[in-house]
Amino acid sequence: QVQLVESGGGLVQAGGSLRLSCAVSGGTFSNYAMGWFRQAPGKEREFVAAINWNSDNKAYADSVKGRFTISRDNAKNTVYLQMNSLKSGDTAVYYCAAVLTGYSRPVYRRVNEYDYWGQGTQVTVSS
């Protein structure tokens, strides 16, 4: 059973930075493409960023491009989301997700493309 545990959320002022981590256990981490999503109150869960198994393919939502960076460390079974220049509109619960892809290039942007999800970590940006 694959388990994902996010950490690193919190309260930060606008313009500040946070780094989220997602530790994965129960599977061969390098066999999974990973993604970050977020969900604000009253809104649907939305795509933030994605990365393939060896980090040579990444994708970002337009709203975070240039401010957020996704990365992974296959030796540590962990995926990260570095968030800079945070805005109040980034306030949400952030979720990491995994999809079994083997050693392939594609990344995935849709919620229903992912097999496993973490419990989420709250990010609150104060203005």
Side-chain angles (χ1 to χ4, degrees):
Q1 180 73 4
V2 176
Q3 293 186 324
L4 290 71
V5 179
E6 300 98 335
S7 60
L11 174 64
V12 63
Q13 289 188 334
S17 298
L18 281 175
R19 188 176 83 153
L20 305 183
S21 300
C22 174
V24 180
S25 61
T28 302
F29 182 62
S30 57
N31 281 350
Y32 293 84
M34 301 297 298
W36 284 97
F37 291 75
R38 66 187 182 187
Q39 188 167 18
K43 295 188 176 181
E44 292 188 351
R45 193 168 298 189
E46 65 174 6
F47 170 75
V48 175
I51 189 168
N52 76 328
W53 76 278
N54 68 345
S55 307
D56 73 353
N57 192 12
K58 302 177 184 180
Y60 296 93
D62 288 343
S63 60
V64 306
K65 202 171 293 183
R67 300 188 298 122
F68 290 12
T69 302
I70 189 170
S71 62
R72 65 189 293 162
D73 185 336
N74 286 349
K76 295 183 178 180
N77 291 356
T78 302
V79 62
Y80 305 96
L81 185 68
Q82 178 67 44
M83 305 186 296
N84 299 329
S85 302
L86 283 160
K87 307 175 182 179
S88 57
D90 296 318
T91 294
V93 177
Y94 283 71
Y95 298 90
C96 69
V99 53
L100 183 63
T101 62
Y103 304 122
S104 62
R105 180 169 172 78
V107 293
Y108 300 90
R109 296 173 176 261
R110 298 179 180 176
V111 170
N112 61 6
E113 292 178 313
Y114 285 82
D115 301 317
Y116 302 98
W117 292 84
Q119 82 290 348
T121 186
Q122 176 70 47
V123 172
T124 303
V125 183
S126 62
S127 56

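The shortest side-chain heavy-atom distance between Leu11 and Ser126 falls under the 4.5 Å cut-off. Within the 4.5 Å cutoff, the side chain of Tyr94 has no heavy atoms near those of the Glu6 side chain.
Under the rule for a salt bridge (charged side-chain N to carboxylate O under 4.0 Å, His left out), Lys43 has no partner lying at least two apart in sequence or in another chain. Under the rule for a ring pair (Phe, Tyr, Trp, His ring centres under 6.0 Å), the partners of Phe47 that lie at least two apart in sequence or sit in another chain are Phe37. Ser88 meets the side-chain hydrogen bond (donor to acceptor under 3.5 Å, both in side chains) test with no other residue; sequence neighbours excluded. Arg105 is linked by a salt bridge (charged side-chain N to carboxylate O under 4.0 Å, His left out) to Asp56, counting only residues two or more places apart in sequence or in another chain.
Checked by atom type and distance alone, the side chain of Tyr114 pairs as donor or acceptor with a backbone atom of Tyr108 at under 3.5 Å. Under the 3.5 Å distance criterion, the side-chain polar atoms of Asn74 are left unmatched by any main-chain donor or acceptor of Asn54.
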Could you go through residues 12-28 and list every donor-acceptor pair under 3.5 Å that involves a side-chain atom there, pairing it with any protein atom two or more places apart or in another chain?
{"unit_1": "Ser17", "atom_1": "OG", "unit_2": "Asn84", "atom_2": "OD1", "d": "2.9"}

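Linking Ile, Leu, Val, Met, Phe, Trp and Tyr residues whenever their side-chain heavy atoms come within less than 4.5 Å places Phe68 and Val125 in a single cluster. In the hydrophobic clustering of ILVMFWY residues, with side-chain heavy atoms under 4.5 Å counting as a link, Ile51 and Tyr95 come out apart. A single hydrophobic cluster is not seen to contain both Trp36 and Trp53; linkage of ILVMFWY side chains at heavy-atom distances under 4.5 Å, directly or through other members, places them apart. In the hydrophobic cluster analysis, where Ile, Leu, Val, Met, Phe, Trp and Tyr join through side-chain heavy atoms closer than 4.5 angstrom, Leu81 is grouped together with Tyr116.
The salt bridge (Lys or Arg N to Asp or Glu O under 4.0 Å) pairs that include a residue from residues 68-94 are Arg38-Asp90, Arg67-Asp90, where partners are two or more places apart or lie in different chains.
Here Asn77 contributes atom CG and Met34 contributes atom CE; the two are 9.5 Å apart, rounded to the nearest 0.5 Å.
Looking at every heavy atom in both residues, Thr91 comes nearest to Ala40 through O-CB, 3.8 Å. Closest heavy-atom contact between Phe29 and Val79: CZ-N, 4.0 Å. Nearest heavy atom pair, residue Tyr60 against residue Ala49, reads CD2-CB, 3.7 Å. The heavy-atom pair separating Asn52 from Ala33 by the smallest distance is CA-CB, 4.2 Å.
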task = Decide yes or no on side chain to side chain contact (heavy atoms under 4.5 Å, CB included) for Val99 and Glu113, but give the supporting numbers first.
result = CA-CA 7 Å; Val99 53; Glu113 292 178 313; 5.6 Å; no
